[in-house]
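Report on one structure; see the data block that follows.
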Amino acid sequence: LTETTPSRTQASALRDLARIVGELNVRVPPPTGHLRDATESRAIHGSALASVSPASTEEVSGVVRWCVRQGLAVVPRGGGTGYAAAAVPAGEAIVVCTDRLAGAGEVTPEAWRGTFPAGMTTSEVQRRCREAGLFFAPNPGSAESCFIGGNVATNAGGPRSFRYGQTRSWVTGLVVVLGDGRPVRLGGSARKNVETLDLVGLVCGSEGTLGVITEVTLRLQPAPEAELPLLALYADREAGLDALSSAMASGVVPAALEFLDGEALCAAAGTLPGGPAPDARFAVLAEALGSEATARFEASVLNEALAHGALSVRAPQVRRDVAALWRWRDGVSLAVTALRGGKLSEDITVPTERLGEALVAIDAIGLDAGVEVTSWGHAGDGNIHATVMVDHTNAAGLIAAEGAAHRFLEVPAKLGGAVSGEHGIGRVKLRAAATQLDRDVLAIQRAVKAVFDPSGMMNPWVKIPSGREGFAAGPGLTGGDPR
Ligand SMILES: Cc1cc2nc3c(=O)[nH]c(=O)nc-3n(C[C@H](O)[C@H](O)[C@H](O)COP(=O)(O)OP(=O)(O)OC[C@H]3O[C@@H](n4cnc5c(N)ncnc54)[C@H](O)[C@@H]3O)c2cc1C
């Protein structure tokens with residue numbers, strides 16, 4: 001057997017899967033790009049027997065039925081932008097890519113509704129909505145690369161989740177291929193529907209553990225006329241936190257209410273719209289959104305609330321400057337990465353009134369571990385991207401950084417929050433979920449999975465702790481859970 005000769009298992013997988021999806025759409029072995037997601041920067045990668053790209057719900061169903069017969073795990077894959085290694089396969093899994101679940105979708109402007117194939121990128125969904133005068137609010141920073149199916153599977157959020165909720169709030173219907181290969185339609189086009197348990201809600205955020213989503217129906221809104229963000233800069237954290245409280249008490253619900261601490265602000269200082277702010281050690285970014293008149297009124301109320309104790313408030317008015325401010329915000333993560341060449345970033349949540357305590361605790365963990373830390377994120381949702389900056393060439397520093405990142409996950413447990421607010425549990429936070437979640441809650445989750453996925457082959461290493469965490473690492477990943 002040479003490296004280029006497929007094994008008997010590979011050859012039969014290629015033959016059988018090619019009958020379902022066509023030879024060109026089966027890769028044995030899979031390209032390395034299908035064994036990774038955005039945790040690649042943490043040196044996380046997996047293994048799989050093959051990757052396939054079915055083009056319809058029927059083809060997905062055929063692939064899943066074949067996997068169940070062979071006893072092979074199914075790992076659904078969207079854009080591969082996840083931060084939790086939830087699409088990273090292991091062992092002899094079959095990666096089910098959703099990139100060919102494509103097509104135009106259908107937007108019904110008069111009903112404020114859109115139905116889209118799971119493999120459409122989020123930015124394309126947003127574009128199609130905009131063209132029809134409609135608005136899909138969830139705006140993850142990865143919108144150009146992630147898929148709407150992946151957004152549903154992770155219940156993705158973003159800055160505008162504060163007013164408009166996470167992806168779940170917009171989904172009325174799904175087509176899902178269950179773990180035994182049966183396609184089901186959950187929910188539908190109606191905006192209100194309580195005829196069943198919230199089965200759509202169960203699938204949102206299930207990280208590929210309950211089935212493969214092939215189609216998504218969204219309830220939309222008319223596109224807002226005006227977007228008016230405000231960037232307020234403060235000399236210290238205390239002044240910034242006071243201003244956040246004033247914004248929350250102002251009576252206006254901003255579309256977004258974001259924050260950056262001093263280190264994140266320094267990292268992104270080079271491109272700060274409106275020029276440098278050397279004295280600023282905390283920033284608040286809020287956004288008023290709506291009709292021209294409403295947005296202007298709300299922006300003036302927010303401006304007054306945020307100006308209290310601020311060094312300055314920057315309020316771009318023209319479309320180009322508004323876009324530049326959001327581009328800058330989207331670039332914060334990359335700017336922080338660029339400081340030392342790498343970063344370990346968590347997405348913990350705490351009750352909003354405990355944001356200050358959480359930021360103090362994160363800084364204390366960094367000091368204690370001797371590593372550089374920074375935080376930014378969605379203040380209105382108490383969602384913090386607690387981050388350690390790392391230099392991958394420094395092995396000792398990497399170990400200290402992993403230790404600090406792990407301790408970040410203890411902060412929400414102490415303050416009444418959650419280990420993940422948007423990126424998910426995946427494989428990287430499975431052990432934290434196993435230790436922090438109530439045993440009865442874990443048992444309910446396992447029972448729900450068994451109903452959707454009787455053979456247990458749908459993405460078996462992620463999201464739902466099996467109860468055996470900590471005994472062995474999943475193939476190719478420290479801390480995984482091979483069950
Ligand atoms: C630069 C950057 C910025 C980001 N910003 C944000 C942000 O603002 N908010 C946020 O929430 N996240 C953010 N993320 C994380 C990531 O983009 C989201 O979690 C996104 O929703 C993942 O979608 P995806 O299509 O890339 O899914 P993948 O990474 O491919 O998969 C993620 C999970 O979903 C499952 N899955 C994917 N498609 C399907 C399907 N069709 N059926 C069933 N299961 C499926 C996979 O099995 C896996 O468990 C960011 C990531 C990057 C790299």
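All heavy atoms count here, side chains included; hydrogens, waters and symmetry mates do not. The first residue of the sequence shown is numbered 1, and numbering continues consecutively from there. Indexing begins at 1, ligand by ligand and atom by atom, following the structure's order.
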*At a 4.0 Å cut-off, with the gap strictly under it, does some heavy atom of Gly426 reach an atom of ligand 1?*
no

*Check each of Gly208, Ala38, Gly149, Ala156 against atom 39 (C) of ligand 1 and report the one with the nearest heavy atom.*
Gly149

*Around atom 41 (N) of ligand 1, find the nearest protein heavy atom and jot down its residue, atom name and distance.*
Ile213 O, 2.9 Å

*Of all the non-hydrogen atoms in the protein, which one sits nearest to atom 14 (N) of ligand 1, and at what distance?*
Ser142 OG, 3.8 Å

_Just checking Arg185: does its CZ atom have more than 12 heavy atoms from other residues, nucleotides or ligands closer to it than 6.0 angstrom?_
no

*asked:* My understanding is that we take every heavy atom of each candidate and find the minimum distance to atom 12 (N) of ligand 1. Doing that for His423, Glu215, Glu144, Arg77, which one comes out nearest?
replied: His423

_Check ion pair Asp16-Arg19 (N to O, under 4.0 angstrom)_ = yes

*If you count the non-hydrogen atoms of other residues, nucleotides and ligands that lie under 6.0 Å from CD in Glu131, is the total more than 12?*
yes

*asked:* Looking only at protein heavy atoms, which one is nearest to atom 21 (O) of ligand 1, and what is the separation?
replied: Thr154 OG1, 2.8 Å

*asked:* When you compare ligand 1 with Ala118, is there at least one nitrogen or oxygen pair between them that comes in under 3.5 angstrom?
replied: no

_Parallel, tilted or perpendicular, as decided by the 30° and 60° cut-offs, for the rings of Tyr83 and His423_ = tilted

*Which option, Cys146, Ala143, Gly141, owns the non-hydrogen atom nearest atom 8 (O) of ligand 1?*
Gly141

*atom 37 (C) of ligand 1: which of Gly78, Ala85, Gly421 has the nearest heavy atom?*
Gly78

*Could you list the atoms of ligand 1 found under 4.0 angstrom from a heavy atom of Pro140?*
6 (C), 7 (C), 8 (O), 9 (N)

_Close N or O approach (Gly82, ligand 1; < 3.5 Å)_ = yes

_Can you tell me how the ring of Trp170 sits relative to the ring of Phe135, calling it parallel under 30°, perpendicular over 60° and tilted otherwise?_
perpendicular

_Atoms of ligand 1, numbered as shown, that sit under 4.0 Å from any heavy atom of Asn459_ = 47 (O), 49 (O)

*Stepwise side chain to side chain contact (heavy atoms under 4.5 Å, CB included) check, Ile362 with Ile348*: CA-CA 11 Å; Ile362 290 160; Ile348 58 174; 4.1 Å; yes

*Could you find the nearest protein heavy atom to atom 31 (O) of ligand 1 and give me its residue, atom name and distance?*
Ala87 CB, 3.7 Å

*asked:* For the 3.5 Å polar cut-off, considering only N or O atoms, please tell me whether Gly80 and ligand 1 meet it.
replied: yes

*asked:* Give the atom numbers and elements of ligand 1 that come within less than 4.0 Å of a heavy atom of Val212.
replied: 42 (N), 43 (C)

*Closest non-hydrogen protein atom to atom 25 (O) of ligand 1, residue and atom name please, with distance?*
Gly79 N, 2.8 Å

*asked:* Taking CD in Gln221 as the centre, count heavy atoms belonging to other residues, nucleotides or ligands within less than 6.0 Å. Is the count above 12?
replied: yes

*asked:* Which heavy atom of Leu35 sits nearest to which heavy atom of Pro30, and what is that distance?
replied: CD2-CG, 3.9 Å

*Output yes when the distance from some N or O of ligand 1 to some N or O of Asp37 is under 3.5 Å, and no in every other case.*
no

_Checking the side chain of Arg36 only, and the main-chain atoms of Gly46 only, is there a donor and an acceptor separated by less than 3.5 Å?_
no

*Determine, stepwise, if the pair Thr349 / Asn383 fulfils side-chain hydrogen bond (donor to acceptor under 3.5 Å, both in side chains).*
CA-CA 4 Å; Thr349 62; Asn383 191 183; 5.9 Å; no

*Please identify which atoms of ligand 1 are closer than 4.0 Å to at least one heavy atom of Thr98.*
41 (N)

*List every atom of ligand 1 that sits less than 4.0 Å from any heavy atom of Phe147, numbering the atoms from 1 in the order shown and giving each element.*
25 (O)

*Look at Glu298 together with Arg163 and state whether they make a salt bridge at an N to O cut-off of under 4.0 Å.*
yes

_Arg427 with Asp37: basic N within carboxylate O range, under 4.0 Å_ = no

*Presence of salt bridge, Arg168 and Asp198, under 4.0 angstrom*: yes

*Could you check atom 46 (C) of ligand 1 against the protein and tell me its nearest heavy-atom contact, residue, atom and distance included?*
Pro76 O, 3.1 Å

*Report the nearest protein non-hydrogen atom to atom 9 (N) of ligand 1: residue, atom name, distance rounded to 0.1 Å.*
Gly157 O, 2.8 Å

*Looking only at protein heavy atoms, identify the closest one to atom 1 (C) of ligand 1 and say how far it is in Å.*
Tyr83 OH, 3.8 Å

*asked:* Taking 4.0 angstrom as the limit and counting only heavy atoms of Ala153, give me the atoms of ligand 1 inside it, by number and element.
replied: 34 (O), 35 (C), 36 (N), 44 (N), 45 (C)

